[in-house]
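Notes for the one structure printed next.
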Amino acid sequence: MFLENATVNSVTQIGTNVFLLNLQSDKIAKHAKPGQFVNIKVSNSNFPLLRRPFSICNVEGDSFTIMFISVGGGTSALQNKQRGESVDVMGPLGNGFSLAGNFDKAVIVAGGIGAAPFPFLIRELDKTGKEIICFSGGRSKNDCITYEMKNVLAATDDGSFGFEGNVVQLLGSEINKLKNDRIKIFGCGPTPMLKSLQQFCISNSFEAEISTESSMACGFGICQGCPIESTTNKEKYLLVCKDGPVFNVNDVELP
Amino acid sequence: MFLENATVNSVTQIGTNVFLLNLQSDKIAKHAKPGQFVNIKVSNSNFPLLRRPFSICNVEGDSFTIMFISVGGGTSALQNKQRGESVDVMGPLGNGFSLAGNFDKAVIVAGGIGAAPFPFLIRELDKTGKEIICFSGGRSKNDCITYEMKNVLAATDDGSFGFEGNVVQLLGSEINKLKNDRIKIFGCGPTPMLKSLQQFCISNSFEAEISTESSMACGFGICQGCPIESTTNKEKYLLVCKDGPVFNVNDVELP
Amino acid sequence: MSAIDLSVSIGPLTLRNPILLASGTVGYGNEISEFVDLNKIGGIVTKSLSLKPRKGNSPQRVVETPSGMLNAIGLANVGVEEFLKTKIPFLKKFDTKIICNIAASSVEEYVECTRLLTGEETISAFEINVSCPNVKEGGLEFGNDKRAVARITEQVKNVSTKPVFIKLSPNVSRISEFALAAKEAGADAVSAINTLVGTAFDIMTRKPKIKNITGGLSGPAIKPVALAKVLEIRRNVDIPIIGVGGIFSWQDAVEFMIAGASAFQLGTVNFVYPNISETMVNDLILYCEKMKIASLKNLTGSFIL
Amino acid sequence: MSAIDLSVSIGPLTLRNPILLASGTVGYGNEISEFVDLNKIGGIVTKSLSLKPRKGNSPQRVVETPSGMLNAIGLANVGVEEFLKTKIPFLKKFDTKIICNIAASSVEEYVECTRLLTGEETISAFEINVSCPNVKEGGLEFGNDKRAVARITEQVKNVSTKPVFIKLSPNVSRISEFALAAKEAGADAVSAINTLVGTAFDIMTRKPKIKNITGGLSGPAIKPVALAKVLEIRRNVDIPIIGVGGIFSWQDAVEFMIAGASAFQLGTVNFVYPNISETMVNDLILYCEKMKIASLKNLTGSFIL
Ligand SMILES: Cc1cc2nc3c(=O)[nH]c(=O)nc-3n(C[C@H](O)[C@H](O)[C@H](O)COP(=O)(O)OP(=O)(O)OC[C@H]3O[C@@H](n4cnc5c(N)ncnc54)[C@H](O)[C@@H]3O)c2cc1C
Ligand SMILES: Cc1cc2nc3c(=O)[nH]c(=O)nc-3n(C[C@H](O)[C@H](O)[C@H](O)COP(=O)(O)OP(=O)(O)OC[C@H]3O[C@@H](n4cnc5c(N)ncnc54)[C@H](O)[C@@H]3O)c2cc1C
Ligand SMILES: Cc1cc2nc3c(=O)[nH]c(=O)nc-3n(C[C@H](O)[C@H](O)[C@H](O)COP(=O)(O)O)c2cc1C
Ligand SMILES: Cc1cc2nc3c(=O)[nH]c(=O)nc-3n(C[C@H](O)[C@H](O)[C@H](O)COP(=O)(O)O)c2cc1C
Ligand code: FES
Ligand code: FES
């Protein structure tokens, strides 16, 4: 966990409202694992006041990239960063995906901007020689992000691109073809999508990890602002920022 | 009084910490008089929250210029404006200098950034064929602004440039040379300097107008945030933003 | 012409729309009318009027704070007589509700001001500013004393048939108890909130940045507090509420209505975006259309807990 | 090594410097210690501890507001026993003051917590969080009831010889009356302020943005209010004050000392600039040098009115 003044290498638009921000930051890039996130102080002023959390999308040498959609004050400020500007970043934060487990085929399931952490994960999985298949969903073609994915099957609610329906329905329709592989599912996306994915994985008893989201104030465990219900211990919440954001699909009850 | 989204034509640095901002704005430029000011919403965020007042430094066709020193959040944001950006400006505000009065020679007295309104005034005085002599003072050479002044005599507290002492002392030492002209004094600068200038003008019964300053919330008379004591009516404050910022030297008691 | 009905009522007073200009932030309407067509908004609340003219506090009166500002104007105003003589004629020209805000240093003065003003037909209602020192009784604010609030309400109602709104101070533990006191004394509505007490120091001179030492905090910084006060009143007392505190956008205004406000006032925002009260009209229509709300008044207190 | 003396005392407790970490904003120190050398600051105030562990409120617990944030954590904490067993051993390692913050739902629980903790030598003082619902007596906050504050103070002092600080709620009319009640009941100091009650709504769902409906407002937005409360206490009651509320820079901290604080706490800022408590040390030295202040404690209450 480091605090770094990272230098902006580039801001690239890769979709209607989707951007890549590449930051020069040796420490964070060196220690990052797939599924971890960074917490960024977007401006020097009180607006926005709090840091903004973003998954680490990929790592290139001593720089790393985040992928974000511009939804409000913080992200629109990020989108306007100029090359050479310095940005105050904290990270890497949280626990990432585990590449362990006895599986031959990794099944990536992304909903919308949930695609963000997967380029990094896919690269690491490749190194271990696992097979990879990707499912990416969105409301319509523009919301369906397949950046640096491989063997992608797409789903859109309006059918404007790929399968018509949500990404979990698509996964369901394809699952028979995967039945005889030993698979592990890696999911990230909006909570409703994660809920149906969780339901799907549990009922089919697939090994799976999901990257969850929560509003956050600190991002490193000091504010208790990001609780998530544990399935095992009802006395105590888990923290998305510190115990997550990635959890085994069996360990958390999604809100 | 207009609200305009003015386009930034240029930001030019003319001194250590002194900048010119030229804004495209037909309405304000068309109606401005020397000594009036504009009130600028520097950002779209809550930081800074309130508008920032600046004297109109000069008018060129359908654009106008302000001159400012970067002292805090608002002015440093202005200093970083890019050509083509749009800025929310209200103006022209307040009452300017009066070119009337039976004088042949205009005596300009500026302290520090108090030089800001004079390029515009000097140009208008020129048109009326008046003689002009300028006195500009500052803490040291860098704080002594003579931008677009003519026949300038400079004063610095540390003597690093021109007369050693403050600008009112310099005026005093030169006044005999002006004794036989019919003069009118125009002053602008920090309140302590205006106070001694006022004292000087009153004791010598010179005709004079001074541009005063006050913290402001609205800039156009609705908040009552900028009172200044009147010499004639003790029952009621005058408002710097609406009754001023320029006052006849005999009409106000400086704080 | 849109099908959406923006009209609302505050007790007996019906407004074209819920947009009001807050007391002390638009004087008597003259300057703001250069940016806003007053005929397009719900109404305007005057600067607090006292029986005699008040000079107000000496400068510095205002300073910016994070997402807010402090003010200590000291209720500078022209006084009731001058108001009737020189300000009413201007306000008469508009088809908008004129709400007269009154500030006083004794119960008697509140009553006397109301008596002198109530005859003026241009005035649609009164808003009583109880955030004033009770000079006769030790200088503590009327606004912190339930009995004082009740007494003022009762006696003001006695001398006027027009709607009376009590503008509550937020600097109390349970604002709903004050709203109840006002209601039981006959108030037609309450306005919530006035400014929070605050201060700021210059670390070089070690002097307060405001000559009066403390000032009233307003602006976006106080919006969450104002919303909580409105919600507290709504959930505990059955009285119409006029929401005010930190509204800087139509979205903020909608939040206040959802929390329980029948109408709302724009204050500090007038200094920054003087035309927002007029531009907001269309934004509210678009919101209603999007949310399929036929009548804006149905938004009041529509929170889902 | 600078000649400036940064040490201050809060009643009987002497600190290396006035920089404290506020309760609930650094947990029990583990995570923040990765950014801050706790040996360099004055001390750390623990998350509020209750007799039994508390799970806290269900999400959403936090939301950003203009220059501030709302939180409704619900006093989630490990409980006194677990704290002594698993948190103290870590805190023991540092040469810094450990101030134990206690929250409870009855006077008896406050006393019991103190009794169990006071034996632990690592604990230098107690801070009593009275902004908690008094479950036994109708659920209203202890913090809004002078007699309750006095009773808690008195009985906590009875079971501990260590300094006791009462952390006051700002949601009252006259905070100085509560400071006086605490003082007369034997408190060694007061901490001012806790968060202001606030709320926010999502205008699309019409639901509160915080599951608990209301939350506590903190951050720069409340700084002017916190400063005014500190100043009010300073001018009316002779008791040491720990200033807290919206401090985001060393300049803010200096304002609190000028207003009357002997020490100050950093809260929300830890979420944004987790190392500021350490970097601030040098900034305070530079300020003292510039202002020719030999001993920082001389700054306390040095305002010029
Ligand atoms: C662990 C984690 C990883 C994340 N990774 C990414 C990522 O890789 N790419 C990406 O684009 N976004 C990511 N997010 C979401 C991202 O943090 C928010 O979109 C961002 O904070 C919005 O900030 P803003 O100031 O632009 O918008 P705001 O003005 O703060 O909010 C605008 C809208 O976004 C919603 N929003 C704000 N914060 C969050 C949040 N934390 N989670 C969900 N919705 C929110 C608000 O409710 C509001 O509707 C992640 C969030 C978390 C907790
Ligand atoms: C009628 C009028 C005309 C002005 N014309 C000019 C001009 O032509 N050029 C120029 O550079 N400045 C001018 N000023 C001053 C200018 O408005 C302030 O410097 C500016 O508002 C500072 O904003 P900021 O956010 O950068 O600094 P802030 O962060 O707001 O303040 C930084 C420092 O500046 C001081 N300051 C802030 N506002 C004022 C103010 N209104 N008057 C004096 N000091 C202030 C603060 O006390 C603080 O010490 C004028 C002020 C008025 C009232
Ligand atoms: C400069 C200023 C002057 C004010 N004067 C008055 C007043 O005379 N009477 C009154 O009842 N409220 C007065 N107020 C309070 C406002 O009417 C309003 O209640 C408060 O500012 C909160 O709203 P806002 O955050 O939208 O400004 C004043 C506020 C400001 C900023
Ligand atoms: C997330 C969060 C949790 C808090 N928890 C506690 C707590 O458990 N006990 C307590 O006395 N104060 C608690 N506080 C209040 C802070 O200690 C502090 O009084 C308040 O936040 C104002 O300071 P700030 O503006 O610097 O944050 C909490 C504040 C925040 C933001
Ligand atoms: S965001 Fe603060 S504890 Fe998780
Ligand atoms: S600044 Fe508002 S009245 Fe002058």
Side-chain angles (χ1 to χ4, degrees), chain A residues 1-5 27 31 39-53 71-75 88-94 191 212-230 233-244 252-255, chain D residues 21-22 24-36 44 47-48 52-79 82 209-211 215 218-221 223 246 248-249 267-276 279:
Chain A
M1 187 160 66
F2 307 96
L3 266 180
E4 278 197 287
N5 283 319
K27 289 207 211 69
H31 294 80
N39 213 2
I40 301 183
K41 180 60 173 130
V42 162
S43 75
N44 317 330
S45 81
N46 287 339
F47 180 80
L49 185 72
L50 299 172
R51 290 173 179 266
R52 296 292 189 255
V71 293
T75 44
D88 175 351
V89 189
M90 183 193 297
L93 300 169
T191 303
T212 60
E213 233 190 47
S214 161
S215 52
M216 297 185 169
C218 74
F220 65 104
I222 62 172
C223 79
Q224 302 284 317
C226 61
I228 185 164
E229 190 80 56
S230 152
N233 177 358
K234 293 276 160 237
E235 306 300 297
K236 201 169 166 306
Y237 281 107
L238 294 164
L239 295 178
V240 170
C241 73
K242 200 163 176 251
D243 304 311
V252 289
E253 269 180 32
L254 293 167
Chain D
L21 302 179
T25 67
V26 291
Y28 312 101
N30 311 62
E31 298 83 5
I32 199 74
S33 67
E34 296 195 32
F35 295 107
V36 177
I44 167 173
K47 172 72 184 172
S48 280
K52 300 263 153 289
R54 283 203 201 195
K55 187 177 181 184
N57 297 329
S58 42
Q60 182 169 350
R61 286 181 175 179
V62 294
V63 67
E64 182 164 329
T65 65
S67 296
M69 65 174 279
L70 290 167
N71 88 83
I73 306 302
L75 299 171
N77 78 91
V78 298
E82 174 79 3
K209 287 185 175 176
I210 296 262
K211 191 72 194 308
S218 65
K223 190 185 76 167
F248 257 61
S249 67
T268 302
V269 70
N270 294 304
F271 307 156
V272 184
Y273 304 114
N275 58 346
I276 189 174
T279 57

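In what follows, every chain begins at residue 1, and chains take the letters A, B, ... in the order their sequences are listed.
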Worksheet item: Excluding sequence neighbours, so at least two apart, what forms side chain to side chain contact (heavy atoms under 4.5 Å, CB included) with D/K209?
Response: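 D/K209 satisfies side chain to side chain contact (heavy atoms under 4.5 Å, CB included) with D/V63, D/A200, D/D202 once adjacent residues are dropped.
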What part of [X] is in contact with chain D, defined as an atom under 4.5 angstrom from a non-hydrogen atom: side chain, backbone, both or neither?
X: A/N39; value: neither
X: A/Q224; value: both
X: A/M90; value: side chain

Fill in: D/E31 side, atom CD; A/K242 side, atom NZ - distance, nearest 0.5 Å
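Reported value, rounded in 0.5 Å steps: 4.0 Å.
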Worksheet item: Could you state the interatomic distance from CZ (D/F35) to CD1 (A/I222), rounded to the nearest 0.5 Å?
Response: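 Atom-to-atom, D/F35:CZ and A/I222:CD1 are 8.5 Å apart.
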Item to complete: For A/L50 and D/M69, run side chain to side chain contact (heavy atoms under 4.5 Å, CB included): C-alpha distance rounded to whole Å, both residues' side-chain angles, the deciding distance at 0.1 Å, then the answer.
Response: CA-CA 8 Å; A/L50 299 172; D/M69 65 174 279; 4.2 Å; yes
Item to complete: Could you tell me whether the side chain of D/P66 reaches within less than 4.5 Å of the side chain of A/F47, counting heavy atoms only?
Response: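 Not in contact.
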Please state whether the side chain, the backbone, both or neither of [X] comes within less than 4.5 Å of a heavy atom of chain A.
X: D/F248; value: side chain
X: D/P220; value: side chain
X: D/S67; value: both

Item to complete: Take D/E34 and A/F2 through the test side chain to side chain contact (heavy atoms under 4.5 Å, CB included) and record every step on the way to the result.
Response: CA-CA 9 Å; D/E34 296 195 32; A/F2 307 96; over 6 Å; no
Item to complete: Take atom CG of A/N44 as the centre, draw a 6.0 Å sphere, and report whether it contains more than 12 heavy atoms from other residues, nucleotides or ligands.
Response: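 No - once you tally the heavy atoms of other residues, nucleotides and ligands closer than 6.0 Å, there are 12 at most.
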Item to complete: Verify side chain to side chain contact (heavy atoms under 4.5 Å, CB included) between D/E64 and A/R52, making sure each step is shown before the conclusion.
Response: CA-CA 11 Å; D/E64 182 164 329; A/R52 296 292 189 255; 2.9 Å; yes
Item to complete: Count the heavy-atom pairs under 4.5 Å between each of A/P48, A/S214, A/P227 and chain D, then report the option with the highest count.
Response: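 So the answer, after comparing A/P48, A/S214, A/P227, is A/P227.
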Discussion item. I need the residue from A/L3, A/L49, A/I228 with the largest number of non-hydrogen atom pairs under 4.5 Å to chain D.
Written reply: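 Of the candidates given, the most pairs with chain D belong to A/L49.
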Fill in: salt bridge (charged side-chain N to carboxylate O under 4.0 Å, His left out) contacts touching residues 212-223 of chain A (sequence neighbours left out)
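Listed once each, the pairs would be none.
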Item to complete: Kindly say whether the aromatic ring centers of A/F220 and D/F271 come within a distance under 6.0 Å.
Response: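 Centroid distance A/F220-D/F271: not below 6.0 Å, so no.
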Discussion item. If we ignore hydrogens and angles and just use 3.5 Å, is the side chain of D/R61 paired with the main-chain N or O of A/C226 as donor and acceptor?
Written reply: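 Not confirmed, D/R61 side chain does not pair with A/C226 backbone.
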Fill in: Residue among D/N71, D/I32, D/T65, D/N30 with most heavy-atom pairs under 4.5 Å to chain A
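Option with the greatest count: D/I32.
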Item to complete: Could you check A/K236 against D/K55 for side chain to side chain contact (heavy atoms under 4.5 Å, CB included), going step by step and ending with a plain yes or no?
Response: CA-CA 5 Å; A/K236 201 169 166 306; D/K55 187 177 181 184; 5.7 Å; no
